[in-house]
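Some notes on the structure that comes next.
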Amino acid sequence: MTPEAPTDDATEATGSGLEAEKSRRLALLDELRDSGTEPYPYRFDRTHTLDEVRQAWGTLEAGVETEDPVSVAGRIMLKRDSGKLIFATIRDRSGDIQLFISKAVVGDDEFDAIKRLDLGDWVGVVGTVMTTRKGELSVKPETLVLLSKAVRPLPDKWHGLTDVDTRFRQRYADLIVNEDARRNFEIRHETVASFRRTLASHGFIEVETPVLHPEVGGAHARPFTTHHNALDMPLYLRIAVELYLKRLIVGGMERVYEIARTFRNEGVSTRHNPEFTMMESYQAFGDWNDVMDLTEELITTAARDALGTTVVEIRGESVDLAEAWPRKRMIDYASEGTGVELHPSMPVEAARKIAADHDVFCEQRWGSGKIIEELFEQTAESSIVRPTFVTGHPVEISPLARVDRNDPHLTERFELFVDGRELANGYSELNDPVEQRARFEEEQAAKDAGDAEAGSVDEDYIRALEYGMPPTGGLGIGIDRLAMLLAGVDSIKEVILFPTLRPEA
RNA sequence: GCCUCUCUAGCUCAAUGGUAGAGCAGUGGACUUUUAAUCCAUUGGUUCUGGGUUCGAGCCCCAGGGGAGGCACCA
């Protein structure tokens, strides 16, 4: 790197802000090329990540200059020019380290070139490890090469980016300057990786099922609709993977799971993104109790793996996820919340009156079971802070779940609630093809009556059940919401790299 | 879809209805142990857009756009 004196191009680009800054840097590109330096070389060999340097030499006393050679790379985040010395802080994925650049070591020409590097540039360094008089661990370059020239300036070096719109639209810039953002996605990664390990240890096989579904099923939600040109048919982006995974249980795969991007054409909020990620698992020969046990193991293990602890802060309270999670029936929550004993077997008129007393709106077609769920949501849901299994959902709202062996109006179903949010959902799976058809037909009737989220009869799924599905326990966990819990953030956008946004104006 | 708040330099933020400013970044200069380096000098503005009120609008009013929060929706 031996650039010539600044050209007119570089100096005349005074003018205004960003455009001037970009043209100054673009002019530097030409200068570099003219002087024989490639501003975008193809590769660089490094011997250590910055954290590895810190691990290996972190205990060095102040004022020590080793002969230990290292080759490191990173982005220039800070630069302190002090005459014949330049201090620069570079950053790679593992951390930051200081470069101690001495004019006497690198030579006059290279020193001048380094002086003209910008914040944001990527550099590769070959040098030795040392500490400064104050004890700062540093790499002293013998040579320094530009790995990529940044032509757009970084956000504020101290405040980073705060405008949330810009943070999400320009996630790349957010990740460069905001450590919290990097940490959130690390936690998300560790959570998913932990799930895979736990599931593998129990003999689950990871599978991939269609994203494009010819029929909507497995949940109540409005789908995104698309069209296949060659086949000239409508297709729907999946709202759940349940029905495909249970087909695999019929096929004898016994234990399967999918980490599935799922799409629901509904509102955007701090808890909802139109595309989100669910982990769904199904295990032959198990029931809802096995699934609740698995849920606890998956989540506490993920917390341990991602955070190094099972204690998380929820609403200012320390909650140890490793303590057993209580199980309580939805009808008991709703009964306590309303002060009236509620059960799906009650006449719908009675349920409707209680709903009216609690300002809960009821659609005409709703039965007592659906109304009880609304009452639960109205009176109890948001007050559940610690992890709790809400169990025994009415049959009416659980078309794929098996009836409770002790109460024909309830199902062997649970939802996990933490911090007022639903994190997981599971049940003993309905495997009787005749009953399943009857439940589907009720769904179809609701759909015909105007319920846009109701399902319809999935004939192929019925056919699969007719071959015989063993007793099965199924589970779905919202990965985004779990990542929110573990990262301690209030918005789902903080754990989705590129959340859905309106197009830029 | 409804309500409230918000939008000023590349970034972070100021500015009673009265000349649009600071810090950082950038540019020029000094400095061989800095740590958000420091010091001196300095460039940089369609105040989201379009109307309106006013002698005068970044500020007040109306409409539109982006974003955030809440409500609704989301089993």
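Each chain gets a letter, A, B and so on, in the order its sequence line appears, and its residues count up from 1.
- In this structure the side chain of A/M77 never reaches within 4.5 angstrom of the side chain of A/K157, judged on heavy atoms.
- Rounded to whole Å, the separation between the P atoms of B/rG52 and B/rA41 comes to 44 Å.
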If you restrict it to nitrogen or oxygen atoms, what contacts under 3.5 Å exist between nucleotides 4-7 of chain B and the protein, and what is each distance?
none

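- For the P atoms, the distance from B/rC39 to B/rG23 is 11 Å, rounded to whole Å.
- Exactly one of A/R402, A/R405, A/E412 qualifies for a side chain to side chain donor-acceptor pair (under 3.5 Å) with A/S428. That residue is A/E412.
- Ion pair A/R315/A/D419 flagged as a salt bridge, since at least one NZ, NE, NH1 or NH2 atom sits closer than 4.0 Å to an Asp/Glu carboxylate oxygen.
- Both the sub-6.0 Å distance and the 45° axial angle are satisfied by A/K328 relative to the ring of A/Y333.
- Mapping A/T162 and A/K79 onto RNA chain B by nearest heavy atom places A/T162 closer to the 5' end of the strand.
- For B/rC73, there is no paired base (Watson-Crick or G-U wobble, both distances below 3.5 Å).
- Rounding to whole angstrom units, CD of residue A/Q378 and C1' of B/rC73 are separated by 14 Å.
- A 3.5 Å limit on both hydrogen-bonding distances identifies no Watson-Crick or G-U partner for B/rC59.
- Rounding to whole angstrom units, CG of residue A/L400 and C1' of B/rA75 are separated by 11 Å.
- Residue-level contact check: A/E373 touches the backbone only, with heavy atoms under 4.0 Å from sugar-phosphate atoms and none from bases.
- Using a cutoff of 4.0 Å between basic side-chain nitrogens and carboxylate oxygens, A/E275 and A/R238 are not scored as salt-bridged.
- At the heavy-atom level, A/I86 lies nowhere under 4.0 Å from the strands shown.
- In the set B/rU33, B/rG70, B/rG67, the nucleotide with an atom closest to the side chain of A/T270 is B/rG70.
- Evaluation of the salt bridge (Lys or Arg N to Asp or Glu O under 4.0 Å) test over residues 476-485 of chain A, restricted to residues two or more places apart or in two chains, returns A/R188-A/D480.
- Look at the C1' atom in both B/rU38 and B/rU33: the space between them is 13 Å, to the nearest Å.
- Using a 4.0 Å heavy-atom cutoff across all strands shown, A/I397 reaches at least one base atom of the nucleic acid.
- Between A/E377 atom CD and B/rA75 atom P there is a gap of 8 Å when expressed in whole angstrom units.
- Of the options A/R413, A/E415, A/E242, a side chain to side chain donor-acceptor pair (under 3.5 Å) to A/N425 is made by A/R413 and by none of the others.
- When heavy atoms are screened at a 4.0 angstrom cut-off, A/G218 is found touching base atoms of the nucleic acid.
- Listed nucleotides: B/rG69, B/rG26, B/rA68. Nearest to the side chain of A/R24: B/rG26.
- Side-chain atoms of A/F87 lie closest to B/rU33 of the nucleotides B/rU33, B/rC11, B/rA75.
- For the pair A/K493 and B/rA68, the criterion of a side-chain N or O lying under 4.0 Å from OP1 or OP2 is met.
- The side chain of A/R169 lies closest to B/rG66, out of B/rA75, B/rA68, B/rG66.
- Among the protein residues, A/G63 comes within range of no part of the nucleic acid, since none of its heavy atoms lies under 4.0 Å from any strand.
- Nucleotide B/rU16 forms a pair with no other nucleotide shown, judged by Watson-Crick or G-U wobble geometry with both contacts under 3.5 Å.
- Ranking B/rG67, B/rC71, B/rA75 by closeness to the A/R271 side chain, first place goes to B/rC71.
- Rounded to whole Å, the distance from OH on A/Y172 to C1' on B/rG10 is 14 Å.
- Look at the P atom in both B/rA20 and B/rA72: the space between them is 47 Å, to the nearest Å.
- Closest contact between the side chain of A/V164 and the listed nucleotides B/rU12, B/rG67, B/rA37 involves B/rG67.
- The number of heavy-atom neighbours closer than 6.0 Å to CD of A/E313, taken from other residues, nucleotides and ligands shown, is above 12.
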### Task
Apply ring pair (Phe, Tyr, Trp, His ring centres under 6.0 Å) to A/F417 and A/F376, showing your working.
CA-CA 12 Å; A/F417 282 88; A/F376 159 75; 5.6 Å; yes
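- Here A/Y427 and A/H393 keep their ring centres 6.0 angstrom or further from each other.
- Summarising the base pairing, B/rA36 is matched to no nucleotide, lacking a Watson-Crick or G-U wobble pair whose two defining distances lie under 3.5 Å.
- Residue-to-nucleotide contacts include a donor-acceptor pair under 3.5 Å from the side chain of A/D156 to the base of B/rG23.
- One C1' atom belongs to B/rU19, the other to B/rC59, and the distance between them is 16 Å to the nearest Å.
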Pairs under 3.5 angstrom, nitrogen or oxygen only, protein versus nucleotides 29-32 of chain B, please.
{"unit_1": "B/rC31", "atom_1": "N3", "unit_2": "A/D81", "atom_2": "O", "d": "3.3"}
{"unit_1": "B/rC31", "atom_1": "N3", "unit_2": "A/G83", "atom_2": "N", "d": "3.2"}
{"unit_1": "B/rC31", "atom_1": "N4", "unit_2": "A/D81", "atom_2": "OD1", "d": "3.4"}
{"unit_1": "B/rC31", "atom_1": "N4", "unit_2": "A/G83", "atom_2": "N", "d": "3.4"}
{"unit_1": "B/rU32", "atom_1": "OP2", "unit_2": "A/K84", "atom_2": "N", "d": "3.2"}

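- Out of B/rG10, B/rA36, B/rG67, the shortest distance to the side chain of A/K157 is found at B/rA36.
- In this pair, A/F263 and A/F224 present their aromatic rings perpendicular. The plane angle is above 60°, beyond the 30 to 60° band.
- When the P atom is used for both B/rG64 and B/rG1, the distance is 12 Å, rounded to whole Å.
- As a whole-Å value, the separation of A/N265 CG from B/rA75 P is 13 Å.
- As the counterpart of B/rU4, B/rA68 is assigned, both hydrogen-bonding distances of the Watson-Crick or G-U wobble pattern falling under 3.5 Å.
- Nucleic acid contact class of A/E422 (heavy atoms, under 4.0 Å, all strands): none.
- Close to B/rG66, at under 4.0 Å from its OP1 or OP2, lies a side-chain N or O of A/R502.
- Comparing B/rU8 with B/rC2, their C1' atoms are spaced 29 Å from each other, to the whole Å.
- Rounded to whole Å, atom P of B/rG26 lies 17 Å from atom CD of A/E19.
- A straight line from CG of A/D121 to P of B/rA25 spans 15 Å, rounded to a whole angstrom.
- Residue A/R33 places its CZ atom among more than 12 non-hydrogen atoms of other residues, nucleotides or ligands, all under 6.0 Å distant.
- Straight-line distance from the CD1 atom of A/I101 to the C1' atom of B/rA37: 14 Å, rounded to whole Å.
- Rounded to whole Å, the P atom of B/rC40 lies 16 Å from the corresponding atom of B/rU35.
- Shown here is A/R502, whose CZ atom has no more than 12 heavy atoms of other residues, nucleotides or ligands within 6.0 Å.
- Pairing for B/rG26 is with B/rU42, a Watson-Crick or G-U wobble pair whose two hydrogen-bonding atom distances lie under 3.5 Å.
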